Amino acid sequence: MRYDLVIFDNDGVLVDSEPISNQLLAAHLTELGHPTTYEDSIRDYMGSAMHRVHDLILERTGRRLPEDFDEVFHARVFAAFERELRPVPGVTGVLEKLAADGVPYCVASSGSHERIRVGHRTTGLDRWFEEGRVFSSEDVGRGKPAPDLFLYAAERMGVAPERCVVVEDSPLGVQAAVAAGMDVYGFTAMTPAARLAGASQLFSDLGELADLLI
């Protein structure tokens with residue numbers, strides 16, 4: 001293994017949540033008078049923390065989102081997760097291989113700890129990610145594309161940034177990993193390869209990842 005730590009993004013990499021959450025986000029913003037398509041949501045918000053949604057809406061319209069925006073949105077997302085969420089195909093095999101080889105790994109997500117945990121419980125991935133392997137943008141001041149979250153995860157796991165590789169599927173996540181001085185493998189299942197151009201390597205099937213990391 002060429003790396004001492006594999007850092008996974010969560011949404012779209014471990015759990016197939018991006019279609020669910022972006023459909024709901026687009027609908028919620030539209031209800032509130034900010035017309036947003038699913039494609040708009042993917043382009044503007046995929047891979048980001050919730051503060052980016054608030055910041056962009058305020059910047060574009062001069063209006064703040066309601067105080068209960070996050071609470072209402074997350075309630076809808078969690079309910080949909082319980083009904084629909086699945087692990088990304090191939091992820092269990094990758095985690096089994098890393099565990100068998102003794103390779104340290106963790107998750108570093110723009111989502112809240114609650115969102116990560118709900119998704120992992122629903123999909124059965126919680127058995128692979130005990131508390132010490134889970135990091136959220138809630139743990140740092142700034143979410144992606146700032147490097148803070150990835151640097152925090154590496155520090156907590158006791159690994160130098162240059163010995164880490166990040167697995168990401170969003171442009172914001174790729175930017176954050178590059179800014180952290182880490183290699184990043186871009187997962188193109190949902191995101192066009194051209195939008196992940198800063199990645200060290202691109203791949204389209206999670207089943208390929210274990211071999212790519214060797």
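Values in this document were obtained by computation on a predicted structure and should not be read as measured data. Quick note: numbers below take in every heavy atom, side chains included, and nothing from hydrogens, waters or symmetry partners.
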- [ ] Could you give me the CA-CA distance, side-chain angles and deciding distance for I42 and M190, then say whether side chain to side chain contact (heavy atoms under 4.5 Å, CB included) is met?
- [x] CA-CA 9 Å; I42 290 287; M190 273 194 63; 3.6 Å; yes
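Looking only at distances, a side-chain donor or acceptor of Y105 sits under 3.5 Å from a matching main-chain atom of W128. For D101 (side chain) and V103 (main-chain N/O), no donor-acceptor pair under 3.5 Å exists by modelled atom type. Panel note: side chain T36, backbone H34; a donor-acceptor pair is recorded below 3.5 Å. For the pair H28 (side chain) and L24 (backbone), a donor-acceptor distance under 3.5 Å is absent. Remark: side-chain polar atoms of T188 are paired, donor with acceptor, to backbone N or O of F203 under 3.5 angstrom. Listed for the S200 side chain is no donor-acceptor partner under 3.5 Å among the backbone atoms of Y185. Remark: side-chain polar atoms of S137 are paired, donor with acceptor, to backbone N or O of S110 under 3.5 angstrom.
No side-chain heavy atom of R2 sits under 4.5 Å from any side-chain heavy atom of R163. Within the 4.5 Å cutoff, the side chain of P19 has heavy atoms near those of the Y38 side chain. Between H120 and L14, the closest side-chain pair of non-hydrogen atoms falls below 4.5 Å. Taking the side chain as every heavy atom from C-beta outward, V166 and F8 never approach each other to under 4.5 Å. By the 4.5 Å heavy-atom criterion applied to side chains, P104 and V6 are not counted as neighbours. With contacts defined as side-chain heavy-atom distances shorter than 4.5 Å, the pair S170/E168 qualifies. Using a 4.5 Å heavy-atom cutoff, the side chains of V165 and L213 are in contact. Annotation: side chain of R115 is in contact with side chain of S17 (closest heavy-atom distance under 4.5 Å).
Residue S112 comes nearest to E138 through the heavy atom pair CB-OE2, 3.3 Å, listed as atom of the first residue, atom of the second, then distance. Taking each heavy atom of P66 and L32 in turn, the nearest pair found is CD-CD1, 3.9 Å. The shortest non-hydrogen separation linking D40 to P35 is OD2-O, 4.4 Å. Contact between S204 and A189 at its shortest, heavy atoms only, is O-CB, 4.2 Å.
When hydrophobic clusters are built by joining Ile, Leu, Val, Met, Phe, Trp and Tyr residues whose side-chain heavy atoms come closer than 4.5 Å, directly or via intermediates, V118 is not grouped with F135. Taken together through direct or relayed side-chain contacts under 4.5 Å among Ile, Leu, Val, Met, Phe, Trp and Tyr, L149 and I7 form part of one hydrophobic cluster. With hydrophobic clusters built from ILVMFWY side chains whose heavy atoms lie under 4.5 angstrom apart, F187 shares a cluster with I20. By the rule that hydrophobic residues join a cluster once side-chain heavy atoms approach within less than 4.5 Å of another member, L29 and V72 end up as members of separate clusters.
Environment of CZ in R64: sparse, with no more than 12 heavy atoms of neighbouring residues, nucleotides or ligands closer than 6.0 Å. Summarising the local packing, CD of E67 is surrounded by 12 or fewer heavy atoms from other residues, nucleotides or ligands at distances under 6.0 Å.
Using modelled atom types and a 3.5 Å distance limit, the side chains of T191 and D169 yield no donor-acceptor pair. Looking at N10 and S109, their side chains never bring a donor and an acceptor atom within 3.5 Å of each other. In this structure, a donor-acceptor pair under 3.5 Å is present between the side chains of Y3 and D183.
Ring planes of F81 and F78: tilted class, angle from 30 to 60°.
Salt-bridge formation is not detected for the pair D44/R52: no Lys NZ or Arg NE/NH1/NH2 atom is positioned less than 4.0 Å from an Asp or Glu carboxylate oxygen. Under the 4.0 Å criterion applied to side-chain N and carboxylate O atoms, R156 and D139 are not assigned as salt-bridge partners. A salt bridge links E31 to R76: one of the charged nitrogens lies within less than 4.0 Å of a carboxylate oxygen. Residues R86 and D16 are not paired through a salt bridge, judged by the lack of any N-O separation under 4.0 Å between the basic side chain and the carboxylate.
Here CG of L5 is found 7.5 Å from CE of M182. Values are rounded to the nearest 0.5 Å. We find the CG-CZ distance between D126 and R117 to be 7.5 Å, quoted to the nearest 0.5 Å. With rounding to the nearest 0.5 angstrom, the CG atom of L125 is 12.0 Å from the CD1 atom of I116.
R63 pairs by the salt bridge (charged side-chain N to carboxylate O under 4.0 Å, His left out) definition with nothing, not counting sequence neighbours.
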